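Shown next, in C-alpha cells, is the structure this report addresses.
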Amino acid sequence: MSSRLAMDHGEGMVATIREYEEGRDREVVEKLDRLCEFGNATDGNPSILTDLMGDPIARVRHYPSYVVLEDEMTMRKNKGIVGVVSGCIKSVSKGSNPNTNLPTYVQVAYILGLRVSPFHRRQGLAKKLVTELEQWCQRRGAQYAYMATDSTNQASINLFTLKCAYTKLRTPTVLVNPVHAHHKSIDSRVRIIRLEPRLAEFVYRHRVFGANSKFFPKDINTILSSKLNLGTYLAVPSTQSESDPLSFPPSFAILSVWNTKDVFKLQVKGVSGLSYAVCVGSRVLDTWLPWLRIPSIPDVFRPFGVYFLYGLHVEGSGGPALMKSLCAFVHNMAGDDVGCGAVVAEVDRMDEMKLDWVPHWRRFSWTDLWCMKKLTAANQDGCVEDDWVESRPSRTSVFTDPRDF
C-alpha cells in the first residue's frame, strides 16, 4: 500500500505514506526509533532506549493482523523515512450481550510505536500517520481504535485527544519490580501449579474473566500457547489436592508470564555518575552477600529484558498473600534468566487493591493513559450499548494484553 496524497511542506518537500519493507527499511526504522527515544532525554534526567534487536515489527507480528506504515519525505533528490507507526487489529470483549449473557466481541485496532523524527515535527506528519493507520484498520473491519501512553506525555495526549478526536478511557498503573541478585522466599504453605495452555484458557474464559470483562482477547489460546508465554501459574494453599486443580479452594491466585526480552530490550541512558555508582554498588553487595537481601538494582545500563505479568486475579481472604508468593516465584524465574532486569505488570487503577498485592518500586512505576475512538458510525455488534467510548468506566475486570506492552 502506498498513499500518494501529496503533502507539500515547502522547499520541494513532499511526504508519502507506504507500508514497511523489510529489506530496505529495517536499519532506517531502527535508527529512527533510537533517535526518538534518546531525543526525549533532557540534561540530568535519564531516558530509556529501546533496542528492537533487528526486528522492527517484533511488537506487532504476534497479532492476527498488523501493519507498519512509514512516512517518507522526498526533497529534491534526497529521500528518507521521517515517521513510522505500527498498528494491529484484534477481537476483544467489550462486555456481555444482555440478551444472551455471552461476551460481546468487537474488532479493535491498537496503535503503537508512533515515531516522528525530531527534525520534522510540527508539520502534521504524526496526525497523517495516525489517520492513514485508522483507515487501514477500518477497511479491515476495525470498529474502534485505542492507544496507550505515559500519562505525563502531554504531546502524545494532545495529538490523540485534540487533533485525532480520541477520548480518555482509563488510567492503569504500570508496576515495575527490579530483579535482585538474591532469590525471594516463598511461603512453605503455598503450592504453585503450572497450568497447561488449554486448561489455562478454560480457567481464564470461564472462571476468572467472565462475560462482563473488558478487552479480553478472543484469541487468548494463541497468546497462552505462544513461545513467548512462559506459563500460567496458580497459587493455592499447600493442602489443595494436586490431582484436581479445577476444584478451586476459597482462596487462590493466578497469573501468566510473557517474555518480552525475546521481542525487544531496554537500556537506561543519561544517569549521573553518582546514581550509576549507587546502582552498581547495590548489585555487587547483593551478589556477594545474598543473605542480607539487599534491594539491589539490576544492570539496566546495558540492554535488558523484562517479564510481563498478565491475567492477574485473586479470590478469597488469602488471595493477596498467595499473589505475593506467586510474584516471588516469577521474580526468581527472572533472576535465573540472564538478561532479565525487571518484572512488570499493568493494573487498572479502579482495582487499586492490586497495588498492594503486586510487589513493585513506586519510583520506577508510572501511570498510563488509554484513549479510544469509535471508527464506525453505526452499531455493528448487536449490543444495546451503542458506543463503548461514551460509556462510563465500570468496575468489571480489564484484561491487559501482553502483546500491547
Side-chain angles (χ1 to χ4, degrees), residues 33 48 50 52 55-68 84-94 105-115 130 133-134 137 142-151 153 156-157 160 166 168-176 204 209 213-224 226-230 255-266 305-312 342-351 354 358 365-373 388-389 393 397-405:
D33 194 82
I48 298 181
T50 303
L52 298 178
D55 187 5
I57 64 173
R59 290 191 63 194
V60 293
R61 67 165 66 252
H62 299 285
Y63 292 97
S65 177
Y66 63 86
V67 71
V68 177
V84 62
V85 66
S86 304
C88 67
I89 303 174
K90 56 184 177 179
S91 184
V92 304
S93 62
K94 69 176 260 188
Y105 289 98
V106 292
Q107 293 291 101
V108 173
Y110 179 60
I111 300 175
L112 73 163
L114 177 61
R115 299 283 188 266
V130 172
L133 182 58
E134 290 174 348
C137 293
Q143 297 156 261
Y144 296 90
Y146 79 106
M147 53 76 67
T149 188
D150 188 327
S151 62
N153 188 345
S156 179
I157 295 172
F160 281 92
Y166 281 69
K168 295 178 182 180
L169 189 68
R170 289 184 182 261
T171 54
T173 301
V174 179
L175 307 177
V176 181
Y204 276 138
F209 292 95
S213 298
K214 310 288 187 181
F215 288 97
F216 187 79
K218 194 172 185 178
D219 65 337
I220 184 65
N221 59 314
T222 302
I223 298 174
L224 295 173
S226 168
K227 65 179 182 180
L228 296 178
N229 191 66
L230 300 181
L255 59 75
S256 296
V257 187
W258 188 260
N259 183 15
T260 69
K261 66 188 287 287
D262 289 343
V263 178
F264 62 89
K265 291 188 177 180
L266 306 173
V306 303
Y307 282 179
F308 185 77
L309 308 182
Y310 68 100
L312 290 83
V343 177
V344 181
E346 189 164 18
V347 177
D348 188 1
R349 289 182 63 87
M350 297 192 73
D351 193 357
K354 288 183 181 177
V358 181
S365 303
W366 70 90
T367 301
D368 255 355
L369 174 65
W370 290 12
C371 297
M372 178 170 271
K373 176 180 181 178
W388 189 8
V389 178
S397 55
V398 174
F399 186 93
T400 301
D401 193 323
R403 298 169 296 187
D404 291 357
F405 181 73

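Only a predicted model underlies this, so the values are computations on that prediction, with no experimental measurement involved.
- Side chain of Tyr307 to backbone of Lys261: no donor-acceptor contact under 3.5 angstrom is found.
- A donor-acceptor contact shorter than 3.5 Å links the side chain of Ser151 to the backbone of Thr367.
- Formation of a donor-acceptor pair under 3.5 Å by the Arg403 side chain with backbone atoms of His62 is found in this model.
- Taking 4.5 Å as the limit, some side-chain heavy atom of Tyr310 sits within range of a side-chain heavy atom of Asn229.
- Summarising the geometry, atom SG belonging to Cys88 is positioned 9.0 Å from atom CG belonging to Leu133; distances are rounded to the nearest 0.5 Å.
- One finds a salt bridge joining Asp55 and Arg61 here, because a Lys/Arg side-chain nitrogen approaches an Asp/Glu carboxylate oxygen to under 4.0 Å.
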For this session: Go through the steps for Val398 and Phe216 under the test side-chain contact (heavy atoms from CB on, under 4.5 Å), then give the verdict.
Result: CA-CA 7 Å; Val398 174; Phe216 187 79; over 6 Å; no
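- In this structure, Lys373 and Glu134 have side chains that are in contact, with non-hydrogen atoms separated by less than 4.5 Å.
- Two residues are said to be in side-chain contact when any heavy atoms from C-beta on lie closer than 4.5 Å; Phe405 and Thr260 meet this criterion.
- In this structure, Tyr166 has its ring center no closer than 6.0 Å to that of Tyr146.
- Residues Leu175 and Glu346 form no side-chain contact, since every pair of their non-hydrogen atoms from C-beta on lies 4.5 Å or further apart.
- Inter-residue side-chain proximity for Tyr144 and Val106 is flagged as met; some heavy-atom pair is nearer than 4.5 Å.
- Residues Val344 and Val306 approach most closely at CG2-CB, 4.1 Å, considering heavy atoms.
- A cation-pi arrangement is present between Lys218 and Tyr105 under the rule of less than 6.0 angstrom and at most 45 degrees off the ring axis.
- In this structure, Asn153 contributes its side chain and Ser156 its backbone to a donor-acceptor pair below 3.5 Å.
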Exercise. Between Arg170 and Lys214, does a side-chain contact (heavy atoms from CB on, under 4.5 Å) hold up when you go through it step by step?
Worked result: CA-CA 11 Å; Arg170 289 184 182 261; Lys214 310 288 187 181; 4.2 Å; yes
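- In this structure, the side chains of Ser86 and Ile57 stay at 4.5 Å or more apart for every pair of heavy atoms.
- Distance alone, capped at 3.5 Å, places no donor-acceptor pair between the Gln107 side chain and the Gln143 backbone.
- For the pair Val108/Ile89, no side-chain contact is recorded, criterion being any heavy-atom separation below 4.5 Å from C-beta on.
- Applying the side-chain contact (heavy atoms from CB on, under 4.5 Å) criterion to Lys168, with sequence neighbours excluded, gives Ile157, Thr161, Leu369, Cys371.
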Problem set entry | ring-ring contact (aromatic ring centres under 6.0 Å, His included) between Phe399 and Phe215, intermediate numbers included | CA-CA 5 Å; Phe399 186 93; Phe215 288 97; 9.8 Å; no
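- Using a 4.5 Å heavy-atom threshold, the side chains of Ser256 and Leu309 count as separate.
- Under the 3.5 Å distance criterion, the side-chain polar atoms of Ser93 are matched with a main-chain donor or acceptor of Ser213.
- Between the side chains of Trp366 and Asp368, a donor-acceptor pair is found at a separation under 3.5 Å.
- Annotation: cation-pi geometry satisfied between Lys90 and Tyr110 (NZ/CZ under 6.0 angstrom from ring centroid, within 45° of ring axis).
- Between Phe209 and Tyr204, a ring centre-to-centre spacing shorter than 6.0 Å is recorded.
- Among all heavy-atom pairs drawn from Tyr66 and Val60, the shortest one is CD2-O, 3.2 Å.
- Val263 and Asn259 get closest at one heavy-atom pair: CG2-O, 4.3 Å.
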For this session: Before giving the answer on side-chain contact (heavy atoms from CB on, under 4.5 Å), spell out for Val85 and Val68 the whole-Å C-alpha distance, their side-chain angles and the decisive distance to 0.1 Å.
Result: CA-CA 6 Å; Val85 66; Val68 177; over 6 Å; no
For this session: Determine, step by step, whether Thr400 and Trp370 satisfy the side-chain contact (heavy atoms from CB on, under 4.5 Å) criterion, reporting the C-alpha distance in whole Å, the side-chain angles of both residues, the deciding distance to 0.1 Å, and the verdict.
Result: CA-CA 11 Å; Thr400 301; Trp370 290 12; 4.3 Å; yes
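- For the residue pair Ala345 and Val358, the shortest heavy atom distance occurs at CB-CG1, 4.4 Å.
- Listed here is the closest heavy atom pair of Val174 and Ser365: O-CB, 3.0 Å.
- Closest approach of Asp404 to Arg59, counting heavy atoms only: O-NH2, 3.2 Å.
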